[in-house]
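All remarks here apply to the structure that follows.
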Protein chains: 2
Amino acid sequence: MPQAQRLRDLLEDAIVEGHYAPGDRLDPEALARQYQCSRTPIREALTQLSASGMVKVAPKRGTFVARLSVTELVERFEVMAELEGMCGRLAARRMSNETRAALQQAQAACRQCMIRGDINGYYYENGEFHRLIYEGSHNAFLAQEARRLHAMLKPYRRLQLHARHRLENSWCEHERIVEALIAGDADTAQRELREHVLLQGERFNDLVASMQRLGQTHD
Amino acid sequence: MPQAQRLRDLLEDAIVEGHYAPGDRLDPEALARQYQCSRTPIREALTQLSASGMVKVAPKRGTFVARLSVTELVERFEVMAELEGMCGRLAARRMSNETRAALQQAQAACRQCMIRGDINGYYYENGEFHRLIYEGSHNAFLAQEARRLHAMLKPYRRLQLHARHRLENSWCEHERIVEALIAGDADTAQRELREHVLLQGERFNDLVASMQRLGQTHD
DNA sequence: CACCGCCCTGTTGTATACAACAACTGGTAT
DNA sequence: ATACCAGTTGTTGTATACAACAGGGCGGTG
C-alpha cells in the first residue's frame with residue numbers, strides 16, 4: 001500500500017482519537033521528519049484529509065486540524081441524524097441475523113461500560129454499535145458516507161459523553177433503537193436514531209459550552 | 001488559485017458534462033501535455049477526484065472515469081433521494097423569498113424546454129431547479145454534499161431524460177414539489193422530492209438498459 | 001508618534017528525476 | 001496445448017530542488 005495512504009489513515013486516526021486537537025497546526029516538514037519520508041506523501045495525505053474535511057488549509061499560513069464553528073457543527077449533526085435515521089430504516093428491513101446478534105452484543109458491552117462509568121469504553125462500543133447499523137443498511141455507499149461523517153464528528157461527540165447522565169440516556173436510547181430494529185419496525189428505528197443523533201435542547205448547549213472551553217485552551 | 005484546483009474543476013466538469021465517458025482512461029502524461037504542466041498538479045487533481053468518487057484508480061493499470069455498477073448506482077440514488085428529501089423538508093421552512101421566486105422562474109424555464117422538447121435545455125434548468133432547493137435548505141454542508149452527489153450522478157441522470165415522456169413526468173413532479181415548497185408543507189415537499197429522485201419501477205429498468213448500451217460502446 | 005512601504009522569511013505549489021512495482025509478452029518446457 | 005517463468009515496459013509513488021507568493025517585521029519618513 002502506498003505510503004501516502006498509510007499516512008492519511010494514521011493522521012486521520014490521530015485526529016479522530018484526539019491526539020491532535022481542533023486548531024492544531026500540522027507542519028508538513030515536521031511530519032516528514034517524524035515519519036521518515038519527504039514532504040510529498042505528507043502533502044498528499046493532507047490534501048486528502050482536506051478533501052474529506054478533517055483538516056483545513058490556510059494558504060501560505062499553514063495546515064490545521066479542522067475547527068468547526070458552531071454553525072458548521074450543527075449542520076453536520078443535522079445531516080448525520082438524517083443519514084443515521086436512513087441507515088436505521090433500511091437496517092430494520094435488511095439486517096442479517098449475524099448483524100442483529102452483534103448489535104445486541106455491542107449493546108450489552110455498552111451496558112457494562114455504563115455501569116462501570118467507563119466513558120472511554122462506552123465511547124468505543126458506541127462506535128461499534130453505530131457501525132453495525134451502518135453495515136446493516138446493506139447500502140455500502142451509505143455506510144461509507146455515514147462512517148466518514150461519524151469520524152469527522154467523533155472529536156466533538158466525545159465531549160458530549162462527559163455530560164452528566166449522558167451515558168445512561170444514550171444507553172436507553174440505544175435500547176429503544178435495538179428494540180425497533182429487532183422488531184423490524186422501520187419507522188420507529190428511523191425516528192429513534194434521528195432523535196438519538198440530533199443535537200437538541202440541553203445537549204446542544206452542553207456541547208457548545210465544551211467547545212468554548214476547548215477553544216480557550218488553544219487560543 | 002493553485003493550478004491543481006483549476007485542473008480538478010476542469011476535469012470534473014469535463015466528466016460531468018460527458019466529455020469523458022465512464023470507463024475512459026485518464027492518462028496523466030497526456031493530460032500534462034494537454035494542459036501544459038507537469039504530472040504533479042494532474043496527479044493531485046486526479047487524487048482529489050478519486051476521493052470524491054468521480055474517478056477510480058486501478059493501481060499500476062491506469063486511472064479511469066468511474067463506471068458505476070448497477071448496485072453502486074442504485075445505492076447512490078437511494079442516498080441522493082434521502083438528501084434531496086431532507087433539502088426539501090428544510091427548504092419548505094427556511095427558503096427565502098428570493099429563492100422561492102428563482103425556483104418558480106427555473107420551473108417556468110423547464111416548462112419552456114419541455115414544450116420545445118429541448119432535452120439539453122431541460123437538463124440544464126433541471127440542475128438549477130435542484131440547486132436552488134439545496135441552497136434553500138440553508139444548511140451549507142447539506143447543500144455541498146447534495147451538489148457533490150448530484151454531480152456524480154449527472155452522467156447517468158442524463159440518460160434518463162431520453163426515455164419517452166420523462167420530461168413531461170419530471171416537470172409535473174417539479175410542479176407538485178414547488179407547490180409544497182411555496183405552501184411551506186415540509187412533509188409533502190420531502191416526500192415528493194424523495195419520490196422524484198428515487199429510481200423506481202420503469203425508470204430503473206430504462207436506466208439499466210441505457211447503461212448497458214453505454215457499456216457496449218466502450219468495451 | 002503613526003503610518004507606509006520594502007525586504008526577508010517561511011510556506012506552499014510545481015517541475016523533474018528516479019526507483020519500485022506489477023502487468024504484459026514472449027518463449028520454453030512439460 | 002497449456003502452464004509457467006523471466007524480461008520488458010509502462011505506470012505509479014517518492015524524493016529533491018526550485019520558484020512564486022504572501023505575511024510579518026523592520027526601518028524610514030511624514
Side-chain angles (χ1 to χ4, degrees), chain A residues 1-15 19-69 144 215 218-219, chain B residues 1-15 19-69 144 215 218-219:
Chain A
M1 191 180 312
Q3 193 165 197
Q5 304 276 356
R6 288 195 318 105
L7 287 170
R8 183 178 62 77
D9 292 346
L10 247 59
L11 285 174
E12 179 170 324
D13 241 53
I15 292 170
H19 295 119
Y20 298 105
D24 280 6
R25 173 134 191 272
L26 296 172
D27 183 21
E29 277 191 79
L31 291 169
R33 275 196 303 276
Q34 189 174 340
Y35 291 104
Q36 310 261 11
C37 65
S38 78
R39 252 183 47 218
T40 308
I42 300 281
R43 178 183 170 76
E44 187 163 328
L46 290 178
T47 304
Q48 289 188 38
L49 287 176
S50 159
S52 78
M54 303 279 299
V55 309
K56 283 236 193 331
V57 293
K60 304 290 174 192
R61 294 192 51 185
T63 305
F64 303 87
V65 177
R67 159 187 270 163
L68 300 181
S69 71
Q144 171 193 321
H218 286 279
D219 275 344
Chain B
M1 193 181 311
Q3 195 165 197
Q5 304 277 353
R6 288 195 317 105
L7 286 171
R8 183 178 62 77
D9 293 345
L10 247 58
L11 284 174
E12 179 171 322
D13 241 52
I15 292 171
H19 294 120
Y20 298 106
D24 280 5
R25 173 136 191 271
L26 295 173
D27 183 21
E29 276 191 77
L31 290 169
R33 276 195 303 275
Q34 190 174 340
Y35 291 104
Q36 310 259 12
C37 65
S38 80
R39 251 184 45 217
T40 308
I42 300 280
R43 178 184 169 76
E44 188 164 329
L46 289 178
T47 303
Q48 288 187 39
L49 288 176
S50 158
S52 78
M54 304 279 300
V55 310
K56 283 235 193 334
V57 293
K60 304 290 175 193
R61 295 191 49 183
T63 304
F64 302 86
V65 177
R67 159 186 269 162
L68 300 180
S69 71
Q144 171 193 320
H218 286 279
D219 274 344

Output the rounded distance in Å from [atom1] ([X]) to [atom2] ([N]).
| X | N | atom1 | atom2 | answer |
| --- | --- | --- | --- | --- |
| B:D27 | D:dG10 | CG | P | 11 Å |
| B:R33 | C:dA15 | CZ | P | 15 Å |
| B:R39 | C:dA17 | CZ | P | 12 Å |
| B:I42 | D:dG13 | CD1 | P | 15 Å |
| A:M1 | C:dA22 | CE | C1' | 16 Å |
| A:R8 | D:dG13 | CZ | P | 13 Å |
| A:Q3 | C:dC21 | CD | P | 12 Å |
| B:Q36 | C:dG13 | CD | P | 22 Å |

Between [options], spot the one nearest the side chain of [X], thanks.
| X | options | value |
| --- | --- | --- |
| B:T40 | C:dT12, C:dA15, D:dA15 | C:dA15 |
| A:K60 | C:dC18, D:dC21, D:dT16 | D:dC21 |
| B:R43 | D:dG13, D:dT11, C:dT12 | D:dG13 |
| B:C37 | C:dA15, C:dT14, D:dT14 | C:dA15 |
| B:P2 | C:dT16, C:dG13, D:dT14 | C:dG13 |

Legend entry - Sugar-phosphate only, base, or nothing, as touched by B:E29 at under 4.0 Å among non-hydrogen atoms: nothing
Inset, instruction - For A:P59, answer base if it contacts any base atom (sugar-phosphate contacts may also be present), sugar-phosphate if it contacts only those atoms, and nothing otherwise; contact means non-hydrogen atoms under 4.0 Å. - result: nothing
Legend entry - Separation between CZ of B:R8 and OG1 of A:T47, rounded to the nearest 0.5 Å: 11.0 Å
Inset, instruction - For residues B:A58 and B:F64, report the shortest heavy-atom separation together with the two atoms involved. - result: CB-CE1, 4.1 Å
Inset, instruction - Go through A:K56 and A:R67 one step at a time and tell me if the side-chain contact (heavy atoms from CB on, under 4.5 Å) criterion holds. - result: CA-CA 8 Å; A:K56 283 236 193 331; A:R67 159 187 270 163; over 6 Å; no
Inset, instruction - Starting from the C-alpha separation in whole Å, work towards a yes-or-no answer on side-chain contact (heavy atoms from CB on, under 4.5 Å) for B:V57 and B:L46. - result: CA-CA 9 Å; B:V57 293; B:L46 289 178; 5.9 Å; no
Legend entry - Comparing B:G62 and A:S38 on DNA chain D - which has the more 5′ nearest nucleotide: B:G62
Legend entry - Donor-acceptor pair present, A:R61 side chain and D:dG24 base, under 3.5 Å: no
Inset, instruction - Mind running side-chain contact (heavy atoms from CB on, under 4.5 Å) on B:E44 and A:R43 for me, showing each step along the way? - result: CA-CA 10 Å; B:E44 188 164 329; A:R43 178 183 170 76; 3.3 Å; yes
